[in-house]
Engineer: 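Take this structure first; my questions come after.
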Amino acid sequence: MPDRESPAPASPAEEWRAGDLRHILPTANHNRFLLKASFERTRAQAPLLAIDGRAVAGIRTDVDGRFWRFDADGLQPDTAYTLQLTEADGTPITAGWPLRTFPDPAARPKSLRILSYTCAGGHDGALLKGKTVFLNMPARRRLLARGMSYRPDVVIANGDQIYWDLTTTYQEMDPDYLRREIWEKIGKLDTSMPMMHGANAPIFMRVCDAQIAGLYGNALRSTPVFFVTDDHDFFDNDEYTAKQVTLPPDSYGIPGAEQTQHMYYPEFLPDANRPAWLPGGDKAGLPPGTNMCFGTLRYGALVEAVFYDCRRYVNYKGDHAMIVPQWVEDWLIARTAAEDTTHFFHVPSLPFAYSSGKLGDWYPDFLDKESGQMVLHKAKAGWQRGWFGQHQRLIAAMAAQTKRVPVIIQGDFHATAAGSMYRSGEFNRLAAHIHVVLTGTLATGDHAFPSSFRAIESKPSQLVGMHQAVPITEKNGFSIIDIDADRIVFRLFTWRPPQDLAEIDTMAPAFEYVVERGASG
């Protein structure tokens, strides 16, 4: 197990010569790096990524030449490389920095450390009725810096990298606040024209520059990151009302999510056990072999994690409805059953076990406004029985593992929690308890916590049985996950105003949740 102490107090400031680099976000596997970067100024000629003397030309991902991706393959497993960005003529843009490939899939690394969180997006604005809408960016960066001070090998950012709802949440705000803090400062997208139309592109980039580049900068340049997309990444909340239905995302939201990823953060790299034909891998302009929606983290034979977007392909076919397409379900179940790594995680964008009564749950739990309670005896508008059917097939596959402890690491819900699921629907006693962890929300403000926005805290669905080791905690935070051959240790960090900002720099975990290999509950 890695050293369990933070190496030093976190500091958002770091001395490293970045030149005019605005942000950089890398991902990796055992033989390839993929990086997305943006600069303050445009370039007519492609900048280069130097990797131990080898030069990889950037591929432009915008119209003007401010955004570039760098794709380096043919690398050696478990090897630390020195990277540097240069101009086309070799003139340095940045100082050098290290980045390491993952171990070979057959190797036996001793440990892995992950930093995980959800809901990092949101505009940085004034208080609304005396409360925050999103946590301000200085606090967000400080939380990220504290997490990074533990020197994780990998970062998982699970869902809601962007909040810029076009027809839902923002329309419910106070009109004066909306005009003053949103439209006048950044602009209003015109959905009658494409996202990257000349009238919209500057607004789109101001939104993403602030929420993604403004948060990360170069802080993750030496740490591979895995981004999972969720409902707000499609520029809306998940809602089903008499006026509108927002899932699956419409023809505007999907290009919005695709364009955001194309320019700002990396896709999932290929994996030998992930079929190339899965949806999300067939978009023009993708780096070869990558997928936007469904991915894998394979860290030797120690850990495999499967990532899946649960919003993009959801359908409404009643008893036959699905959250993820059949091919994806088949892949998830096959990888769960393979049991060829010591540990295996599901990392969905839509949480298992918990519900807050919203449409996009696996569960039919409905928030009854008359009683203020979650109930099952009233129908939830739009909810499909087939979603829970697919849930049960996935749960059955997880619980059927005999060599590994079932684990789900998830986001979306604005909370921190941990526990084990022992019952699910008709499965009165699961063959193995399934450990479920909500890893914490980086940027949620007062108004966005479920107890405020939905007038009820999230809680386990009435269709499941849960041992709640860490009850739902509505605070900002993140998780450090330490993994070795014998156990998984989740350290859950929480903080929320009016706590002093300086407390973040030395904050200790509020909870610890340990999953021993071979434990059934």
Side-chain angles (χ1 to χ4, degrees), residues 105-109 111-112 114 116 154 156 158 226 271-275 278 294-308 310 323-324 326-354 362 388-410 418-439 460-461 463-467 469 479 481-490 513-521:
R108 295 283 176 180
S111 63
L112 174 68
I114 298 171
S116 182
V154 169
I156 297 174
N158 192 346
F226 293 81
D271 175 76
N273 297 312
R274 190 183 75 233
L278 292 187
F294 309 108
T296 312
L297 161 61
R298 177 70 182 247
Y299 200 80
L302 178 64
V303 176
E304 181 176 343
V306 287
F307 304 93
Y308 44 110
C310 298
I323 294 287
V324 297
Q326 187 65 58
W327 282 350
V328 177
E329 179 187 326
D330 294 343
W331 164 63
L332 294 173
I333 290 175
R335 292 313 304 152
T336 305
E339 299 205 72
D340 55 4
T341 56
T342 303
H343 300 287
F344 184 82
F345 304 149
H346 280 246
V347 189
S349 68
L350 179 61
F352 286 79
Y354 298 95
W362 293 102
F388 188 67
Q390 185 171 63
H391 168 284
Q392 293 295 82
R393 295 190 293 275
L394 294 172
I395 288 294
M398 294 182 216
Q401 295 175 95
T402 59
K403 299 178 182 178
R404 307 185 292 203
V405 181
V407 177
I408 306 174
I409 299 173
Q410 53 197 20
S420 60
M421 184 192 308
Y422 59 86
R423 173 179 59 82
S424 180
E426 71 274 17
F427 304 139
N428 290 322
R429 184 179 177 85
L430 293 172
H433 291 191
I434 298 173
H435 296 272
V436 181
V437 179
L438 294 172
T439 57
S461 167
L463 292 186
V464 307
M466 281 281 292
H467 293 306
S479 293
I481 308 167
D482 280 316
I483 306 156
D484 66 18
D486 298 320
R487 66 186 58 84
I488 309 162
V489 179
F490 294 86
Y513 186 69
V514 181
V515 177
E516 299 284 353
R517 188 180 178 197
S520 62

Engineer: Could you tell me whether a side-chain N or O of Tyr513 sits under 3.5 Å from a main-chain N or O of Gly419, the two making a donor and an acceptor?
Structural biologist: yes
Engineer: Between Thr296 (side chain) and Arg298 (backbone), is there a donor-acceptor pair under 3.5 Å?
Structural biologist: no
Engineer: Is it true that a side-chain atom of Trp331 and a backbone atom of Pro275 form a donor plus acceptor pair closer than 3.5 Å?
Structural biologist: no
Engineer: Can you find a heavy atom in the side chain of Val489 that is under 4.5 Å from one in the side chain of Arg487?
Structural biologist: yes
Engineer: Could you check whether any side-chain heavy atom of Val154 comes within less than 4.5 Å of a side-chain heavy atom of Leu112, counting everything from C-beta outward?
Structural biologist: yes
Engineer: Less than 4.5 Å apart, side chain to side chain, heavy atoms only: is that true for Leu302 and His343?
Structural biologist: yes
Engineer: Please evaluate residues His435 and Phe490 with respect to the criterion ring-ring contact (aromatic ring centres under 6.0 Å, His included), reporting the C-alpha separation (whole Å), side-chain torsions for both, the decisive distance (0.1 Å), and the verdict.
Structural biologist: CA-CA 11 Å; His435 296 272; Phe490 294 86; 8.5 Å; no
Engineer: Starting from the C-alpha separation in whole Å, work towards a yes-or-no answer on side chain to side chain contact (heavy atoms under 4.5 Å, CB included) for Thr342 and Arg108.
Structural biologist: CA-CA 9 Å; Thr342 303; Arg108 295 283 176 180; 3.7 Å; yes
Engineer: Roughly how far, to the nearest 0.5 Å, is the CG atom of Asp482 from the CD1 atom of Ile114?
Structural biologist: 9.0 Å
Engineer: For Ala107, give me all partners under side chain to side chain contact (heavy atoms under 4.5 Å, CB included), at least two apart in sequence or on another chain.
Structural biologist: Pro103, Asp104, Pro109
Engineer: Begin with the C-alpha distance, continue with both residues' side-chain angles, and end with the deciding distance and a verdict on side chain to side chain contact (heavy atoms under 4.5 Å, CB included) for Leu332 and Val306.
Structural biologist: CA-CA 7 Å; Leu332 294 173; Val306 287; 3.7 Å; yes
Engineer: Should Thr341 and Val303 count as side-chain neighbours, where that means a heavy-atom distance under 4.5 Å?
Structural biologist: no
Engineer: Whether the side chain of Glu339 engages the backbone of Thr402 through a donor-acceptor N/O pair (distance < 3.5 Å, no angle test) should be reported.
Structural biologist: yes
Engineer: For Thr336 and Ala397, which heavy atoms make the closest approach, and how far apart are they?
Structural biologist: CG2-O, 3.4 Å
Engineer: Indicate yes or no for a side-chain donor-acceptor contact from Asn158 to the backbone of Pro348 under 3.5 Å, with no hydrogens or angles considered.
Structural biologist: yes
Engineer: For Phe226, which residues count as a ring pair (Phe, Tyr, Trp, His ring centres under 6.0 Å) partner, sequence neighbours excluded?
Structural biologist: Phe307
Engineer: Does Ile483 reach the side chain of Phe345, with side-chain heavy atoms less than 4.5 Å apart?
Structural biologist: yes
Engineer: Can you find a heavy atom in the side chain of Ile434 that is under 4.5 Å from one in the side chain of Ser420?
Structural biologist: no
Engineer: Answer with yes or no after comparing the ring centroid distance for His346 and Phe352 against a 6.0 Å cut-off, counting only values under it.
Structural biologist: no
Engineer: Give me the atom names and distance for the closest heavy-atom approach of Met466 to Ala353.
Structural biologist: SD-CB, 3.8 Å
Engineer: For the side chain of Ser479 and the backbone of Thr439, is there at least one donor-acceptor N/O pair under 3.5 Å apart?
Structural biologist: yes
Engineer: Going by side chain to side chain donor-acceptor pair (under 3.5 Å), name the residues that satisfy it together with Tyr299, two or more places apart in sequence or in a different chain.
Structural biologist: none
Engineer: May I have the step-by-step check of side chain to side chain contact (heavy atoms under 4.5 Å, CB included) for Gln410 and Tyr354, ending in yes or no?
Structural biologist: CA-CA 11 Å; Gln410 53 197 20; Tyr354 298 95; 3.9 Å; yes
Engineer: Please enumerate all residues that pass side chain to side chain donor-acceptor pair (under 3.5 Å) together with Asn273, with sequence neighbours excluded.
Structural biologist: none
Engineer: Rounded to the nearest 0.5 Å, what's the gap from CD1 on Ile409 to CG on Leu297? Could you check?
Structural biologist: 9.5 Å
Engineer: How would you list all residue pairs meeting salt bridge (Lys or Arg N to Asp or Glu O under 4.0 Å) that involve residues 395-405, not counting sequence neighbours?
Structural biologist: none
Engineer: Check the pair Ile323, Leu350 against side chain to side chain contact (heavy atoms under 4.5 Å, CB included), reporting the backbone distance first and the verdict last.
Structural biologist: CA-CA 9 Å; Ile323 294 287; Leu350 179 61; 4.1 Å; yes
Engineer: Are any non-hydrogen side-chain atoms of Val437 and Val407 less than 4.5 angstrom apart?
Structural biologist: no
Engineer: Strictly below 4.0 Å, N to O, side chains only: are Asp340 and Arg335 in salt-bridge contact?
Structural biologist: yes
Engineer: Using atom types as modelled, flag every donor-acceptor pair under 3.5 Å from a side chain in residues 421-430 to any protein atom, sequence neighbours excluded.
Structural biologist:
from   : atom 1 : to     : atom 2 : distance (Å)
Arg423 : NH2    : Val464 : O      : 3.1
Ser424 : OG     : Gln392 : OE1    : 2.5
Glu426 : OE1    : Gln392 : NE2    : 2.9

